[in-house]
Colleague: 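Got a structure for you, written out below as structure tokens; questions coming shortly.
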Amino acid sequence: MLDIKLIREKPDFVRQRLVTRGAWEEQFIDGILQADDQRRKALAEVETLKATRNRVSKEIGALMGQKKLAEAEAKKAETKDLGDRIAVLDQQAKAADATRDEMMLRLPNLPHASVPLGQTAEDNPLVRSHGGKPEFAFQPKSHVELCERLKLVDFARAVKLSGSGFLLYTNWGAKLERALIQYMLDLHTREHGYTEVAPPLMVGPQCLEGVGQFPKFKDQYYGVAEGNDAAKLGHLYLIPTAETPVANIHREEILSERQLPICYCAYTPCFRGEAGAAGVGTRGMIRVHQFDKVELIKIVKPEDGYAEQEKMLAHAERILQSLGLHYRVVQLCTGDMGFASAKTFDIEVWAAGQGSYLEVSSVSNCEDFQARRMNLRFKTEAGENKFPHVLNGSGTALARLFVALLETYQQADGSVLIPPPLQPYLQTDRLIPQA
RNA sequence: GGAGAGAUGGCUGAGUGGUUUAAGGCACACGCCUGGAAAGCGUGCGUAGGUAACACUACCGUGAGUUCAAAUCUCACUCUCUCCGCCA
């Protein structure tokens with residue numbers, strides 16, 4: 001959520017920044033200002049009336065104490081109709097408040113001044129590239145073929161269980177998935193200073209609203225019902241990312257400055273309806289309804305926000321570097337950024353079988369946008385309450401990383417080499433085709 | 001699912017209609033005292049809106065209601081704890 005004071009004082013600046021994102025929501029600004037004005041006018045009036053009422057009520061109390069009942073009754077008559085006017089104005093202020101907030105929740109974050117202007121992913125500048133594309137003396141295979149030959153994923157039976165867009169990892173596939181998760185958690189907790197958490201996989205709507213997934217993208221997530229009670233549908237949602245529960249851990253709290261920065265990492269499955277994404281049925285593991293991810297979350301002082309984002313990006317890159325994968329980092333342009341983000345870097349790993357780069361990480365600083373929505377604050381040494389910056393980054397997403405590993409390390413004989421960091425977890429240095 | 005108890009500021013804990021616009025304690029900050037510290041003493045110390053600054057307004061789980069006046073009375077809901085049942 002944006003600061004209402006900023007909208008009030010610099011509406012044109014806010015409008016202009018929103019337009020750089022291609023956000024049609026800038027049209028809400030006039031409505032917000034109008035509702036805000038109505039709210040403030042109603043409040044100013046009703047507060048004066050309440051002050052009067054409080055004063056007279058106190059006088060009545062004093063008169064009753066002195067047994068001056070007649071005078072007390074006279075005073076009561078005096079304030080009799082005050083209550084009705086207060087009720088009406090209270091109602092007006094509340095209605096204006098609700099109208100304002102509903103629109104405020106629909107405004108995306110403002111891009112940081114350093115974010116390049118652009119409309120689509122085509123306009124995202126390359127930041128850097130690491131390693132080079134692996135070269136093969138043979139035609140590299142797609143992960144789908146490799147998975148089938150190595151019996152790592154049973155695509156057909158997953159469909160039988162849950163429909164398209166789900167994966168059934170088998171044998172070494174399941175082990176490789178688990179090894180990757182554990183390797184990444186170990187690296188981030190041991191060497192990058194993150195505290196591991198294992199959050200709930202179902203959350204209430206306030207968490208989705210807190211990080212900015214609601215209300216705009218409400219139709220993209222899985223709501224769950226308890227038993228056959230359809231009335232309970234929508235009380236809980238399957239998390240689309242660990243960001244949803246983990247960023248909300250300290251919602252509605254006032255942290256002390258000494259606690260910052262708070263750094264969490266979490267492994268969770270992620271559930272996404274991907275409504276509107278044409279042909280989820282894209283063969284393979286690249287776009288699925290459920291995938292695993294190790295997520296990084298930081299809550300930091302505003303002045304540290306962007307330095308911490310660089311560090312988080314380096315932490316995610318370290319995973320790919322240590323696994324010997326070729327990747328590139330791009331910065332998202334204004335038009336391609338997510339709803340809550342002020343500045344985002346994506347990491348894309350090279351998938352030789354696809355002949356393309358796959359997004360495996362997105363590292364965003366949401367500044368105080370989410371903190372405002374969650375009412376998450378910290379108290380400075382000077383005793384002032386401020387909103388911290390909240391950062392999230394994938395470190396990294398599985399499925400696609402799995403794809404890149406297989407396609408990068410495939411050999412002419414159909415086997416796949418396991419890079420050294422994963423060997424202790426798997427107790428093998430290669431996967432060999434099954435009979 | 002059944003029965004009971006409860007929800008007050010960072011914590012603890014008083015408060016059953018009007019000097020409570022939340023007592024006392026702990027913790028915290030500053031000062032005095034001290035060679036230094038502890039103890040002791042003094043001052044300050046919730047959140048948000050509002051103001052140049054005051055004033056003022058709201059908030060005692062949430063939402064409605066009664067009243068001139070609600071932490072306090074009424075109703076509904078939510079959550080927590082204890083016991084029972086079912087269950088991995």
Side-chain angles (χ1 to χ4, degrees), chain A residues 1-9 32-33 35-102 104-105 198 200-207 209-210 224-229 231-237 245 248-260 262 299 368 371-388:
Chain A
M1 191 146 57
L2 302 178
D3 186 354
I4 182 63
K5 286 177 185 159
L6 180 67
I7 298 176
R8 230 181 253 154
E9 285 158 21
I32 289 170
L33 288 171
D36 183 53
D37 193 51
Q38 284 170 0
R39 175 178 164 277
R40 283 154 62 90
K41 282 189 175 135
L43 277 181
E45 193 177 347
V46 78
E47 284 181 5
T48 309
L49 295 179
K50 281 180 179 173
T52 304
R53 184 180 68 181
N54 288 347
R55 181 172 45 76
V56 175
S57 287
K58 204 174 273 186
E59 289 167 10
I60 292 172
L63 289 171
M64 304 265 286
Q66 298 163 29
K67 304 283 185 216
K68 296 180 180 171
L69 297 183
E71 285 177 51
E73 287 303 321
K75 289 266 187 195
K76 280 189 194 182
E78 191 183 313
T79 47
K80 184 76 178 145
D81 59 340
L82 216 52
D84 295 334
R85 289 184 58 205
I86 287 171
V88 169
L89 286 166
D90 258 342
Q91 207 53 44
Q92 282 177 14
K94 211 169 154 183
D97 195 47
T99 305
R100 187 190 76 175
D101 281 350
E102 201 206 326
M104 293 272 287
L105 283 173
L201 305 182
M202 296 192 281
V203 294
Q206 74 279 10
C207 292
E209 186 176 289
V224 297
E226 188 180 335
N228 287 322
D229 192 351
K232 290 197 170 173
L233 185 66
H235 288 214
L236 290 174
Y237 294 82
N248 276 287
I249 286 175
H250 298 288
R251 76 188 337 267
E252 287 156 47
E253 292 181 21
I254 300 176
L255 304 167
S256 80
E257 186 168 5
R258 290 193 305 270
Q259 289 175 265
L260 305 182
I262 290 174
I299 300 169
D368 59 12
R372 284 179 195 284
R373 288 175 161 245
M374 297 188 279
N375 200 21
L376 162 63
R377 290 161 294 174
F378 73 97
K379 193 179 283 292
T380 64
E381 298 291 347
E384 189 188 359
N385 289 331
K386 295 173 94 171
F387 293 106

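Residue numbers begin at 1 in each chain, while the letters A, B, ... track the order of the sequences. Just so it is clear, the structure is predicted and the values come from calculations on it, not from any experiment.
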Colleague: Any side-chain N or O of A:Asn54 below 4.0 angstrom from OP1/OP2 of B:C56?
Modeller: no
Colleague: Apply side-chain contact (heavy atoms from CB on, under 4.5 Å) to residues A:Leu255 and A:Leu376 and explain how you reach the verdict.
Modeller: CA-CA 8 Å; A:Leu255 304 167; A:Leu376 162 63; 3.8 Å; yes
Colleague: With RNA chain B as reference, determine whether A:Arg377 or A:Gly61 sits nearer its 5' end, using the nearest nucleotide of each.
Modeller: A:Gly61
Colleague: Pick the closest RNA chain B nucleotide for A:Gly83 and for A:Val46 by heavy atoms, then say which residue is nearer the 5' end.
Modeller: A:Val46
Colleague: Would you call A:Lys50 and A:Asp90 a salt bridge, using N to O less than 4.0 angstrom?
Modeller: yes
Colleague: Please report the distance separating the C1' of B:A22 from the corresponding atom of B:U47, rounded so that it comes out in whole Å.
Modeller: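 Rounded to whole Å, the distance is 14 Å.
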Colleague: Which whole number of Å gives the distance between the P atom of B:A7 and that of B:C60?
Modeller: 14 Å
Colleague: Taking atom C1' in both B:U57 and B:U51, compute the distance separating them and give it to the nearest angstrom.
Modeller: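 To the nearest whole Å, 12 Å.
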Colleague: So which heavy atom on A:Arg8 is nearest to which on A:Leu33, and how close?
Modeller: CA-CD2, 3.8 Å
Colleague: Using 4.0 Å as the upper bound for N to carboxylate O, is an ion pair formed by A:Asp97 and A:Arg100?
Modeller: yes
Colleague: Indicate, yes or no, whether a donor-acceptor pair under 3.5 Å links the base of B:G50 to the side chain of A:Glu47.
Modeller: no
Colleague: Of the nucleotides B:A58, B:C68, B:G49, which has the atom closest to the A:Ile60 side chain?
Modeller: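 Closest nucleotide to the A:Ile60 side chain: B:C68.
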Colleague: Nearest to the side chain of A:Ala51 - B:U57, B:U47, B:C68?
Modeller: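 The answer is B:U57, which lies nearest to the side chain.
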Colleague: Could you tell me whether A:Glu45 and A:Lys41 have a side-chain N and a carboxylate O separated by less than 4.0 Å?
Modeller: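 The answer is no: the pair does not qualify as a salt bridge.
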Colleague: With C1' as the reference atom in both, quote the distance from B:A14 to B:G24 in angstrom, rounded to an integer.
Modeller: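 One C1' to the other, the span is 7 Å.
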Colleague: A:Arg40 has a side chain; which of B:U47, B:A69, B:G50 sits nearest to it?
Modeller: B:G50
Colleague: Write down the distance separating the C1' atoms in B:A27 and B:U62, rounded off to the nearest Å.
Modeller: 30 Å
Colleague: So, does A:Lys379 get its side chain near the phosphate of B:G46, meaning an N or O under 4.0 Å from OP1 or OP2?
Modeller: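 Indeed not, no polar side-chain atom of A:Lys379 lies that close.
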Colleague: Look at atom CZ of A:Arg85 and say whether more than 12 heavy atoms of other residues, nucleotides or ligands are closer to it than 6.0 Å.
Modeller: no
Colleague: Hunt down the Watson-Crick or G-U wobble partner of B:G40, both distances under 3.5 Å, from any strand shown, or write none.
Modeller: B:C32
Colleague: Taking B:G36 as the reference, what is the distance to B:G44 when you measure between their P atoms (whole Å, please)?
Modeller: 26 Å
Colleague: According to a strict under-4.0 Å criterion, is A:Arg53 in side-chain N/O contact with OP1 or OP2 of B:U67?
Modeller: no
Colleague: Where the side chain of A:Lys76 is defined as all heavy atoms beyond and including C-beta, which of B:U47, B:U21, B:C68 is the nearest nucleotide?
Modeller: B:C68
Colleague: For B:C87, what is the paired nucleotide under Watson-Crick or G-U wobble rules, both distances under 3.5 Å?
Modeller: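 Its partner: none found.
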Colleague: Checking base pairs now: Watson-Crick or wobble, both atom distances under 3.5 Å. What partners B:A5?
Modeller: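 B:U80 - that is the nucleotide pairing with B:A5, both distances being under 3.5 Å.
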Colleague: Starting the side chain at C-beta, find the nucleotide from B:U57, B:A48, B:G50 nearest to A:Arg8.
Modeller: B:G50
Colleague: Between B:C28 and B:G9, how far is it from one C1' atom to the other, in whole Å?
Modeller: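 That atom pair is separated by 14 Å.
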Colleague: Between B:G63, B:U47, B:G49, which nucleotide has the shortest distance from any of its atoms to the side chain of A:Lys94?
Modeller: B:G63
Colleague: When you compare B:C11 with B:U67, how far apart are their C1' atoms, in angstrom units rounded to a whole number?
Modeller: 35 Å
